[in-house]
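Both ligands and their constituent atoms are indexed starting at 1 by order of listing. Note that the coordinates shown come from a computational prediction; the quantities given were computed from them, not determined experimentally. No hydrogens, no waters, no symmetry mates; every other heavy atom, side chains included, goes into these values.
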Amino acid sequence: MSAPVANVVPAFDVESVRRDFPILDQQINGHPLVYLDNAATTQKPECVIEAISNYYRRDNANVHRGVHTLSDRATHAFEQARQTVANFLASRRVEQVIWTSGTTAAINLVAHSWGRSTLQPGDRVLVSWLEHHSNIVPWQLVAAATGAEVVPIPVTDAGEIDLQALAGLLDDRVKMVAVNHVSNALGTVNPVAEIIRLAKTVDALVLVDGAQSVAHWPVDVEAMGCDFFVMSGHKLFGPTGVGVLWGRESLLDAMPPYMGGGEMIERVAFPTTTFNVPPFKFEAGTPNIAGAIGLAAAIDYLGSLDRQAVMEHEAALLARTLELAEEVEGLRRVGTPAHSAGIFSFLLEGTHPSDVGMLLDQQGIAVRTGHHCAQPLMERLGIPGTVRASYSIYNTQEDVSRLFEGIHKAKRLFT
Ligand code: PMP
């Protein structure tokens, strides 16, 4: 009798994914490239590069209002890209998707439009100590202009938002809670559902910075229950210079324009101008048309992969990393959150992060070092910075091994 045939599920084919990313196939300083700086920016698959180049080769024209065929094609592709983002985020309506130049621009849009028109002296905006500077400084600028206050939500030594402390800060002065979905410095996955539930007990709005989450797992903004969600194309296998603000319809309708110019108006006249409806109200000037098209191609690419398998693949890389880290004397993982997404931040006793980073680069391994645009967090943890390795869909267990060979070499040389 033959043995029963197991129900074979094909493993995630990382080698096939790697072949889609031409940049990975090169030597750096005489070694095959190991790219572990994905939290800073991800690499681009061939289909994204093609989509951008085909747009410029065949369809380039300005969008909206054009009467000629190229403008029609460009407009169609641009608006189709908006629909792709809306589907990707599970937005109820496509008009809730506003093109920006990235996460930073999207947060500034909310801070300056919603914040300046809403915040009163004494009002509070809560941001966590885990935030990227782009989710701190825009709020500080608006607070200075309105008399509102930016109050940090404490984090624990493990690098997690202290939910009890957050609950203690919530009262009717709090109008906005702005937190990241995943910390770019430590990889902490924040419990945004619980944060939103808490914020809603005082009717505060919630902005979720999804710059670091969208590449790792599917996001459903409606189910999440946030009021604003922001992301960057370049951290999602798309081009730089394009990103998205997703917002609740009633809020977007009520918010005043942030920037004035073409595209965002209904009628311009002296002395009064009237404005277009969202999303156009917030899209003054010629947008990044090729960027939007490239981002849609990236989203389609990601959609062609088994995202559950991607998550498991990345989790296995991090699990192996943490195992190997245990074996390195003098290595301290910075931040030990219960849930983390593809990021390993660490310090090596007796070494400076930038020396370790440079030594790894000599071996073809790209990591990031420094404060990761999270200076308050570094201050809270009492360190100047870290070495950060961040994983993505195309990284391999071999990459993890190479990282640790490099770390052992740094230890031998520097300590
Ligand atoms: N928030 C987080 C969590 C980030 O990781 C980053 C980029 N490092 C940003 C915001 C800013 O994104 P961008 O520079 O693309 O605007």
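- Aromatic ring pairs are classed by plane angle as parallel below 30°, tilted from 30° to 60° and perpendicular above 60°; the pair H181 and W217 is perpendicular.
- Between W114 and W139, the two ring planes are perpendicular [angle over 60°; tilted spans 30° to 60°].
- Residue contacts with ligand 1, taken as heavy atom pairs separated by less than 4.0 Å, involve H234 solely via side-chain atoms from C-beta onward.
- Near S134, meaning under 4.0 Å from any of its heavy atoms, are these atoms of ligand 1: 1 (N), 9 (C), 10 (C), 11 (C).
- At least one donor-acceptor pair under 3.5 Å links the side chain of H372 to the backbone N or O of G370.
- Judged purely by distance below 3.5 Å, without hydrogens or angles, the side chains of E79 and H64 pair a donor atom with an acceptor atom.
- Considering only non-hydrogen protein atoms, atom 4 (C) of ligand 1 sits nearest to H132 CD2, 3.5 Å.
- The backbone N or O of V206 sits less than 3.5 Å from a side-chain atom of D227, completing a donor-acceptor pair.
- Numbered from 1 in the order shown, with element, the atoms of ligand 1 that lie under 4.0 Å from a heavy atom of S232 read 12 (O), 13 (P), 15 (O), 16 (O).
- Distances below 4.0 Å separate heavy atoms of Q212 from the following atoms of ligand 1: 3 (C), 4 (C), 5 (O).
- Numbered from 1 in the order shown, with element, the atoms of ligand 1 that lie under 4.0 Å from a heavy atom of T104 read 11 (C), 12 (O), 13 (P), 14 (O), 16 (O).
- Looking only at side-chain heavy atoms (C-beta outward), T104 and S232 stay at 4.5 Å or farther from each other.
- Taking 4.0 Å as the cut-off, N135 does not count as a neighbour of ligand 1 on heavy-atom distance.
- In the candidate list D209, T240, V179, D209 is nearest to atom 3 (C) of ligand 1, counting heavy atoms.
- Between F346 and F344, the ring planes lie parallel to each other; the angle is under 30°, not in the 30° to 60° tilted range.
- In terms of polar-atom proximity, defined here as any N/O pair under 3.5 Å, K235 does make such a contact with ligand 1.
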